[in-house]
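Please read all numbers here as calculations on a predicted model, not as lab measurements.
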Amino acid sequence: MSRLQVVSGKGGTGKTTVAAALALALATEGKRTLLVEVEGRQGIAQLFETEALPYEERKIAVAPGGGEVYALAIDPELALLDYLQMFYKLGGAGRALKKLGAIDFATTIAPGLRDVLLTGKACEAVRRKDKSGRFTYDYVVMDAPPTGRITRFLNVNDEVAGLAKIGPIHNQAQAVMRVLKSPETAVHLVTLLEEMPVQETADGIAELRAARLPVGRIIVNMVRPEVLDAADLELVRSVPRTAVAKSLSTAGLGGARRGGNAEKLVDPLVQQAGEYAERYELEHEQRAVLGELGLPVHELPLLAEGMDLAGLYELAAELRNQDLS
């Protein structure tokens, strides 16, 4: 499996939650995973019910089997200081630049530079090894920007490498793109079984493929349980309402006389069944659209109790039970 797992998705699909669950799922049997946040929202800290993440790699969870999940919230300014120290050995001069506001100025007037720093830091973690020559992390999972700008975000180093023909910036950009466009990387897209998220997912996949970035899987989040199947819904449409009322009365729900409680229940039940039938048809249509995209599709359930730390571990278990290899 690819060592850099990039997770994107339309806003509101739960991509941060899926990224966190994926990091937990991969950190099993003694594996070590780094979960990287690049948007400065501190969503990872909220999910793991911990304090705000600093610009350092911190252990935030232990997975089943003794694996560990570390997290990092990348600060573009501090990442630029790292970059300047790595390539230009500025030391105290770099800190002086930060105090003068030069670092913030640079990342503001050159927004592409910000993305270079964010992707570069994640790829550095992918390549990093300890003294024994073993990779520091078995997997790096990136909670990436939304689908609408994921391709430009990942492809910005290609643009920088083309602008800077020589020197450390060119070499760094090329090194990052070698990781991002290799089998070491997989870009997963999170969606819901709704028309707009599915369409954005299809568009995002097309853009990633056009940029020759490696598309991984489609993860359908918040899937509601199937209460009625197609046969049940056909039965609801065909059975007379009087028969439904009689069945309700037989079950002890209301009286048998006309106008009783049983008959009053029929209209709301039929209406609810009709609404469910519309949603059922829509979801099956969207599943068919996703199936035509030629990628593995995974589904994660909508948690009835809402999302908390226990729910996060539940979603991780769901992912482990599915073939992620």
- Side chains of Val7 and Ile219 in contact at under 4.5 Å (non-hydrogen atoms): no

- Is there a chain of hydrophobic side chains (I, L, V, M, F, W, Y, each step under 4.5 Å between heavy atoms) that links Leu22 to Leu302? no

- Message: Could you report the tightest heavy-atom contact between Met307 and Thr17, atom names first, then the distance?
- Response: CE-CG2, 3.7 Å

- Spacing of CD belonging to Gln286 relative to OG1 belonging to Thr201, to within rounding of 0.5 Å: 10.0 Å

- Message: Using the rule that Ile, Leu, Val, Met, Phe, Trp and Tyr join whenever any side-chain heavy atoms are under 4.5 Å apart, tell me whether Tyr139 and Tyr313 fall into a single cluster.
- Response: yes

- Query: Phe153 versus Leu118: any side-chain heavy-atom pair under 4.5 Å?
  - Reply: yes

- Message: Could you report the tightest heavy-atom contact between Ala175 and Arg127, atom names first, then the distance?
- Response: O-NH1, 3.7 Å

- Ignoring hydrogens and angles, tell me if any N or O in the side chain of Thr28 forms a donor-acceptor pair with the backbone of Gly65 under 3.5 Å. no

- Hey, does Leu300 have a side-chain heavy atom less than 4.5 Å from the side chain of Val190? no

- Query: Going by heavy atoms in the side chains, are Phe48 and Leu24 under 4.5 Å from each other?
  - Reply: yes

- Message: Under a 4.0 Å threshold between the charged nitrogen and the carboxylate oxygen, would Lys15 count as salt-bridged to Glu39?
- Response: yes

- Message: If I take atom CG from residue Leu154 and atom OG1 from residue Thr185, how far apart are they, to the nearest 0.5 angstrom?
- Response: 8.5 Å

- Would you please name every residue forming a salt bridge (Lys or Arg N to Asp or Glu O under 4.0 Å) with Arg149, sequence neighbours left out? none

- Message: Before you tell me yes or no, could you show the steps for His284 and Glu281 under side chain to side chain contact (heavy atoms under 4.5 Å, CB included), namely the whole-Å CA-CA distance, both residues' side-chain angles and the distance that decides it to 0.1 Å?
- Response: CA-CA 5 Å; His284 277 257; Glu281 184 176 352; 6.0 Å; no

- Counting distance only, does the side-chain N/O of Asp143 pair as donor-acceptor with the main-chain N or O of Ala19 below 3.5 Å? no

- Quick one: do Thr16 and Arg41 satisfy side chain to side chain donor-acceptor pair (under 3.5 Å)? Show the steps, please. CA-CA 10 Å; Thr16 298; Arg41 296 184 295 105; 2.8 Å; yes

- Message: Counting C-beta onward and ignoring hydrogens, is there a side-chain heavy-atom pair between Arg152 and Pro145 closer than 4.5 Å?
- Response: no

- Task: Begin with the C-alpha distance, continue with both residues' side-chain angles, and end with the deciding distance and a verdict on side chain to side chain contact (heavy atoms under 4.5 Å, CB included) for Leu4 and Glu184.
- Result: CA-CA 6 Å; Leu4 175 57; Glu184 282 191 285; 5.6 Å; no

- Transitive ILVMFWY side-chain link Val215 to Leu293, under 4.5 Å: yes

- Item | Gln5, His298, His188 screened by side-chain hydrogen bond (donor to acceptor under 3.5 Å, both in side chains) with Arg217, the one that passes | His298

- Counting N and O atoms only, with roles assigned by atom type, does the side chain of Thr147 sit under 3.5 Å from a partner on the main chain of Ser8, one being a donor and the other an acceptor? no

- Message: So does Gly67 get a backbone contact from the side chain of Glu29, meaning a donor-acceptor N/O pair under 3.5 Å?
- Response: no

- ILVMFWY cluster, Val223 and Val198 together (side-chain gap under 4.5 Å): yes

- Interatomic distance, CG@Leu193 vs OG1@Thr13, rounded to 0.5 Å, equals 12.0 Å

- Query: Is any side-chain heavy atom of Pro296 less than 4.5 Å from a side-chain heavy atom of Gln322?
  - Reply: no

- Message: Assess the residue pair Glu51 and Arg58 against the criterion (side chain to side chain contact (heavy atoms under 4.5 Å, CB included)); give the C-alpha distance rounded to whole Å, side-chain angles, the decisive distance to 0.1 Å, and a yes or no.
- Response: CA-CA 11 Å; Glu51 59 188 22; Arg58 171 185 292 178; 3.1 Å; yes

- Contact check, side chains of Asp138 and Leu26, non-hydrogen atoms, under 4.5 Å: no

- Query: Of all heavy-atom pairs between Tyr55 and Ala73, which one has the smallest distance, and what is that distance?
  - Reply: CD1-O, 3.6 Å

- From the list Arg32, Lys31, Glu57, side-chain hydrogen bond (donor to acceptor under 3.5 Å, both in side chains) partner of Tyr137 resolves to Glu57

- Message: For Ala21 versus Ala316, what's the shortest heavy-atom pair and its separation?
- Response: O-CB, 3.5 Å

- Item | Separation between CZ of Arg279 and CZ of Arg224, rounded to the nearest 0.5 Å | 4.0 Å

- How far does CD1 of Ile150 sit from CE of Met142, to the nearest 0.5 angstrom? 7.5 Å

- Query: Can you name the nearest heavy-atom pair linking Leu192 to Pro197, along with the distance?
  - Reply: N-CB, 3.9 Å

- Would you sort out whether Ile60 and Leu53 count as a side chain to side chain contact (heavy atoms under 4.5 Å, CB included), showing the intermediate values? CA-CA 10 Å; Ile60 58 170; Leu53 297 172; 4.1 Å; yes

- CG (Leu35) and CD1 (Ile44) are apart, to the nearest 0.5 Å, by 3.5 Å

- Would a 4.5 Å heavy-atom cut-off, applied to side chains only, mark Pro214 and Leu180 as touching? no

- Note: Ala63 and Ala27 closest approach over all heavy atoms is CB-O, 2.7 Å

- Message: Side-chain heavy atoms nearer than 4.5 Å, only ILVMFWY residues, links allowed to pass through others: does that put Met1 and Val18 together?
- Response: yes

- Query: Does the Arg3 side chain pair with the main chain of Val126, one donor and one acceptor, at a distance under 3.5 Å?
  - Reply: yes

- Under 3.5 Å, is there a donor-acceptor pair between the side chain of Lys121 and the main chain of Asp75? no

